[in-house]
Structures are given as structure tokens and as C-alpha cells.
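In what follows, a single structure is set out as C-alpha cells and then discussed.
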2 protein chains.
Amino acid sequence: MGLIVQKFGGSSVADAEGMKRVAARIVATKKAGNQVVVVVSAMGDTTDELIELANAVTPIPQGRELDMLLTAGERISMAVLAMAINNLGFEALSFTGSQAGVITDSVHGKARIIDVTPGRIREAIDSGAIAIVAGFQGISQDTKDITTLGRGGSDTTAVALAAALDADVCEIYTDVDGVFSADPRVVPNARKLKTVTYEEMLELAAAGAKVLHLRCVEYARRFNLPIHVRSSFSPNEGTWVVENHPEGGTMEQAIISGVAHDKSEAKVTIVGVPDRTGIAARIFQAIADNDINVDMIVQNVSAAATGLTDISFTVPKAEGQKATGVLQRIQGEVGFASIIYDDTIGKLSLVGAGMRSHPGVTATFFASMADAGVNIEMISTSEIRISVIVREADVERAAKAAHSAFGLDADQIEAVVYGGTGR
Amino acid sequence: MGLIVQKFGGSSVADAEGMKRVAARIVATKKAGNQVVVVVSAMGDTTDELIELANAVTPIPQGRELDMLLTAGERISMAVLAMAINNLGFEALSFTGSQAGVITDSVHGKARIIDVTPGRIREAIDSGAIAIVAGFQGISQDTKDITTLGRGGSDTTAVALAAALDADVCEIYTDVDGVFSADPRVVPNARKLKTVTYEEMLELAAAGAKVLHLRCVEYARRFNLPIHVRSSFSPNEGTWVVENHPEGGTMEQAIISGVAHDKSEAKVTIVGVPDRTGIAARIFQAIADNDINVDMIVQNVSAAATGLTDISFTVPKAEGQKATGVLQRIQGEVGFASIIYDDTIGKLSLVGAGMRSHPGVTATFFASMADAGVNIEMISTSEIRISVIVREADVERAAKAAHSAFGLDADQIEAVVYGGTGR
């Protein structure tokens, strides 16, 4: 008995059968006495097909027009889902992002939500209807043009709408049972987490876990809105993403919540960099100016004899070539010796709020790596995360070893697949 | 050098190649120094595919949701067309019906335009851009819901927008060269008309010519807006639909502008109807209550001896069964003898503003039918039209005979196909 916002991704509503299944699920929530607002993504591969269509007429679609085009995707899915619910005898009304009051800035393709004014949604649910809202889209405050929110947009729409409506929970339906202590495809003993904190979820997402996008978790944390990540294929409880673990959580709560790994990055090492003030700034300004996303950065102390140092950083493999190109262009000015590019690395991260109050986590972690014969090439830490760079071929063995070392292995193996989420 | 509204149907923009061809055409108009507003339909079969999708989840889609769904079609085509124009180096901005200020009543699926407030369109073209507007759609004045205009909707959008913008002309692009004196597939000697009056075009459309829809012609007549019907495949002049034929037109203007035929109707005859006041009203009220569209009605004088008469009327074949069902239900109350249903008829119509000032048209017409051995079963006339019902098998022969009898045959046969128009 409350107000529930439910978000279904494109794979859940890929065809008419999926629509009917999701409609039945929504109606069940309504029948249980709740007010229900549903956020839905475009059906299956619709977005990719629309992008293909755009590319058939122009190599560089204008942002405004591409957003206009892509938002047709959710328009189709939300109308069909509303019809499928109506067909079950329940009233459902669909609303575009603009109609739902999702107001954004004017950055086409990756607009940020400025405000949500869900007057029409409130009116619809107060009249007893189920409101279906297009995910991923909004309307620009300044230009009144249609915008899209970029990756993870539908999750963000759901959380933002839930916050604006003061909902009890935002349920994110996905094709996995929840958030796991590790990727079950790699660590068969991984177990589903009952709860994970916003902070942990942010670190896990940044470390490569693909269940929820950073933006939506940030949004939920800001408004302290509980997210329930659960499967659209089973009625089981999933994982609750909340402010704190229940009852303080220090007694029974594991120190480490999860192990995440990521094989999508490459390592760039700049050899023989003059150790002078402003040099690192110059390098990373050039990288940033080219919209390259840097993850870890490590600089060793310089050898006193030479006054030279080495700087290593990681970037998405897709941006590796661009990064080395940028560096080559500034080599003369900066005066470093050479560049080494290595795309056979992997990143392993341990995340857990318990890390704060438990010293020795690093030692246990590094010992488990040594026992597994895994060499650590780079290290980076935050308050509740430790990440290491290892050989790509060692990543999965390293993940299993760390998972066991911190007692995360489940008694029961859950037969699920830890996959990506919709947009 | 003016303001031109151009409308392209779904078959002109069915794929990327069509989009590029239409984009080039639009850009040529812009280059010639005009301000250009384009109204576009959904690509190819998109609308049918969306209806199929709706039917896959429910047998009876709600009107509001079906309109939401179908309007995704024009959203896609207008964005892609804008991109294709941008790709040629010209600025193009797409607008939904709502953004273009197309304000309608709330009748989903066949909304009527109440007002057009094209402030954003005016702003776009004044800034030098080409404005691309979604045809067929609007926004309800009362509920702020998305509506569609029903059959012929995109043509109506184009004419309404042209009127609101005080455009110089509304160009309707189609897959034929213009309006012909008869269907060239049936009458190979048919010739393209240089001009046709609103009144003639209305009668031709009502008589079965499919080039323009009644609604858009009515709208153009109300605002005295010239329509130029022309081919999207050739640069040739098409047919101008205007208030009057040039220079009064009585001297050289043919008496008859065109011959239209229609094989989509069926004839229902009610036999032995008591000839009493109110009986016909009772019958046609029952027909109207069931949303059946009656075209011609003929009642013979009653035989004095019996006080009984026969009433015949025509309806679309698709509604024939419903019509006879309605009549069977009121048979006891009305007290007629029997019903005869005949779906092997055809309708032939002569249309021409010159008919008013030229007596003898009917005699010439009927003589040509007799010469061709065609029997006339029903007759109906308006001020500028004569329609007859004949055997379906005789319709095409009758059309050729009438076309020749009024001197409409062209010296040159134009190799075009007289086809239907988009929505």
C-alpha cells in the first residue's frame, strides 16, 4: 500500500509476449493496493535500428534531430504497454518525458535533469490509473526541444520521477536477480546481496558492475530513495540499494560487499617525464580536452639521479588510440621519452563500507593475490574501495581468489547470469 | 520568392533513398529563394506495422494510446528528413504537431483541427531554417493529449498550416503527375488537368478520385489557398486546385472537368416499404446510429394501388453486411417486405463547373451510355455532378465512353498511374 515506481528495460518489453508479461506484473502490483508509475525503455533493438536509419541519411546526425528520432522508441513501447494493461481491464495512460514534466538542460544526447514536475502523473494515479512514462527523454527548459538523457537514462528517469513523487520505492527490473557479490559467470560461488549502500553501489558501478548506472544511484542517494533491483522473470526479492545496511550492519555485515572486475580498459605509460610542477596538469588537460575518460592514474616517485618519472593511467580501450595520439602531439612540448600502450590488462576491485572500520583488508587482499600467483601492476584506493590492475588473463582467477579470501562464497550457487542493463 | 508549404506522403519517404531524393527537392525550393515548410507522413508501411503491433497486445486499442503509438511514425520520418537536409548543408528543424501548434478537438483517431498557432514554425523559417512538421497529428485543446486527424490527415495538416502561415501555395507531392480527367489506368486517353476548382475537386473526391482528400480541399476552399498537386518524381507542373478556372474559363474551359469511378460500393434495396411519413427517416436514422456511411439514396414513387415503394441506397462494401443486419433488426417495426443486397455495382460520375451553364449534359451523358450498351440503374445529381450506378463489369467501358463523349481525350497519352494518396 504505497506509491511504487517500476522501471522495465528494453529486453523485458522486446515483443508482444514480453509486453503482456510485464503488463501482468504491473497489474499485480496495482491489485495489491499500490499506486503504480511505470517507466519503460524502447522495445528490444529499436534504438539501434533508429540509429542505423539516421546513419543511412547522414554520417553526423544533428543532436536535436537524433533526440527527436530516438524518443520515438519509448513512445512506441509506452503506448503498447498501456494498451496491454488496458486489455487486462485496468486503466493505463502513457506520457512522454515532456508530459511527465522531465525538464532538462539543452545538451542533446546526454541531457541532465534539472527538475521534475509530475503534475499530470500525479493526476493520473490519483484518478486510479496506472501511469506509463517514457524513460530516457525530457524537454529542454530553455529551447523546449526534446532531449535524451544518454546512457542509463531510463533508470535515471525512474529514480528522478520516484523522488519527485515521493515514492516509497523505485523498482528497477532487470534480467538478473539483483546485485551479486561478484559476476556469477566468473565466480560461480557469488551470492545475491540483500542490501548494498548507495556508496558501495557507486563504487561497484564505477568498478565495472553493470547492473545500475552511476547517475541513477547518485540521484537516489541525493534524495535518499530506496532502489529495489529485481528480476522481471521471477517474483523473488532482489537487492535493496539504501543509505545504510540494516541495523548498522557492523556485526554480521561482511567487510567486503562485492568484487567487481573490468576488462574494458587499457593502460598507457608515459616514460621519462620531467618531474616538474605543472607537467602532469599539462598532460591530463590535453587528455581531458579530447574528451577521453581517464580512470586510474599512478605516478611513481622520480629517481633522484635523473629527475625523471613514469606516469601510468588507464582509459577505455575504445579511447586508447586517441589517447596515445594526443600524447604524441604534446611530446615535444612536455619532453617525455616514450609511450607504452598495453591493452591486455584487467582491473579488479573490492568494495565494502566495512573497509573503513576494518584495517588489514589490503593485506588480506594482496596475500590472496600472491597465493593465486597474480602479479599486481597498479594500485588505486578510495575510502571503501581497493582496485588493482593485473594481467587480463589473470583477472578471473584473481576475482575468485579475492571472493573466497573475504568469505563471500555462497553455500548455494544461484543459477543466474550477471548481465548488462538497458539504457 | 515566397512561402511554400510542401507535403510528402509515406511512399515518397519510404526508405533512406527516398528521404535523400525528397531532401534534395526541398533544398532546391529553398535555394530558389523561398521560405519552406514541409509536412511529412510516416515512412512507407510504418503506420500499418504499428497498428499490427497494437493488435498483438489487444483487440481494441484505446484511442488515446493508439494515437500516441501512431504519432511515433511521423516523429521518425520528420527527424530523418531533417537530418537528410542538414546533410546537404541546409539547416532543418523538425516539429511535432503539438510543437507546430496544431490544436484539435479530443476525438482520438479522427480529430478535427480547431486552430493552428505556428509560432515556432514562423520563428524557424524567419531564422533561415527549413521547418519539417509531422503530418496527421495534433494536440487536444482540452486534455492536452496527442491526437491524430484520421484519413487524409497529412494533407489537411499541410493545408491548415499553409493557411495559418498565409503561404503562397501548398504543394501536395504524390506519385502521379496531378489530377486527371479520368483514371488513366482505365481511360488511357485521360489528360492531366491544368486547373480544377475547389468545388470540382470536392465532387471528384467524393465520387472516388483518390488524389486529394475531401477534408483538405474543404479547408483550402475556406481559406482560398491554392493547392498544387504534383509528382515527387518529376519537376513538371501538376494540377492547380483554385477558386476559379483562369479568366472565367467559360469560353475554352471544358464543360466537364473529369470522370470519376468507384467500385467500392454496394447497393441495398429495401423492397415494399410502406409509403408513410417518417418511415425513411426511421430507416436512415437506424443506419446512421450504426456509423454506416450512406452515399446515394433513391426512392421511386410508390405504386398508387399498393401504397408501397422501394428505397435503394449505396454504402461502402465493407459496411454492407452491417447495413443489412441493421435493416433486418428493424424489419418488423418498419414493415417492409424484403432486402436485396448487390455488391456487383459500380458508380460513374461526371464533374464540371461548366455543367451549370450548359444544359444538355445529362442527355449527352445518357446517350453515350446507351451507345456503349451500359444500363443505368440509379441516378443522383448535384449542381456540378451527375452520378450513375451501373453494373460493376460495365464501369470501365462506361468511363471511356463518357470521357470521349465530352471531348476529354488527350492527343498525347501521359504514361502515369492514377493512384491513391498517403494518409
Side-chain angles (χ1 to χ4, degrees), chain A residues 13 15-23 42-43 46 49-50 52-88 91-96 98-99 119-120 129 132 134 139 143-146, chain B residues 13 15-23 42-43 46 49-50 52-88 91-96 98-99 119-120 129 132 134 139 143-146:
Chain A
V13 293
D15 54 20
E17 287 319 302
M19 284 285 179
K20 289 179 188 173
R21 193 168 38 76
V22 166
M43 294 173 72
T46 308
E49 287 163 14
L50 292 175
E52 203 176 303
L53 182 58
N55 288 331
V57 298
T58 178
I60 321 152
Q62 253 74 2
R64 179 187 188 277
E65 300 306 324
L66 191 59
D67 281 356
M68 186 69 95
L69 177 66
L70 296 185
T71 50
E74 290 83 33
R75 193 182 194 85
I76 293 170
S77 60
M78 75 189 196
V80 174
L81 184 54
M83 290 175 192
I85 293 171
N86 284 327
N87 195 47
L88 297 174
E91 197 191 352
L93 298 170
S94 68
F95 297 93
T96 63
S98 163
Q99 291 175 335
R120 291 187 70 176
I132 314 293
I139 182 167
T143 62
K144 308 296 174 212
D145 285 329
I146 303 302
Chain B
V13 292
D15 53 21
E17 287 319 302
M19 285 284 180
K20 288 180 189 173
R21 193 168 39 76
V22 167
M43 294 172 72
T46 308
E49 287 162 16
L50 291 173
E52 203 176 301
L53 182 58
N55 287 331
V57 299
T58 178
I60 321 154
Q62 253 75 2
R64 178 187 188 279
E65 300 306 324
L66 190 59
D67 280 357
M68 186 69 95
L69 178 66
L70 295 185
T71 49
E74 290 82 33
R75 192 182 195 85
I76 293 170
S77 60
M78 74 191 197
V80 175
L81 183 55
M83 290 175 193
I85 293 171
N86 284 328
N87 195 47
L88 297 176
E91 196 192 352
L93 299 169
S94 68
F95 297 93
T96 64
S98 164
Q99 290 174 337
R120 291 187 71 176
I132 314 293
I139 183 168
T143 62
K144 307 295 173 212
D145 285 329
I146 303 302

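Note on naming: letters A, B, ... go to the chains in the order of the sequence lines (proteins, then strands), and numbering restarts at 1 for each one.
Between chain A and the residues B:Glu17, B:Met78, B:Arg120, the most heavy-atom pairs under 4.5 angstrom are made by B:Arg120. Chain A forms the most heavy-atom pairs under 4.5 Å with one residue out of B:Val57, B:Leu69, B:Ile146, and that residue is B:Val57. The choice from A:Ile76, A:Leu66, A:Asp15 that makes the most heavy-atom pairs within less than 4.5 Å of chain B is A:Ile76.
Contact annotation for A:Asp67: neither backbone nor side-chain heavy atoms come within less than 4.5 Å of a heavy atom of chain B. Interface remark: A:Ala92 contributes backbone atoms only to the contact with chain B (heavy atom separation under 4.5 Å). Of the atoms belonging to A:Thr143, it is backbone heavy atoms, and not side-chain ones, that fall under 4.5 Å from chain B. Only the side chain of B:Met19 comes within less than 4.5 Å of a heavy atom in chain A; its backbone stays farther off. In this structure, the portions of A:Leu93 lying under 4.5 Å from any heavy atom of chain B include both its backbone and its side chain.
At least one side-chain heavy atom of A:Val22 sits under 4.5 Å from a side-chain heavy atom of A:Leu81. Side-chain contact between A:Pro59 and B:Asn87 is present, with heavy atoms from C-beta onward closer than 4.5 Å. B:Arg64 is listed as a side-chain neighbour of A:Ser94, based on a closest heavy-atom distance under 4.5 Å. Considering only heavy atoms from C-beta on, A:Thr58 stays 4.5 Å or farther from A:Glu65 through its side chain. Side-chain contact check for A:Thr96 versus B:Met68: some heavy-atom pair is nearer than 4.5 Å.
For the atom pair CD1 of B:Ile139 and CD of B:Gln99, the computed distance is 10.0 Å after rounding to the nearest 0.5 Å.
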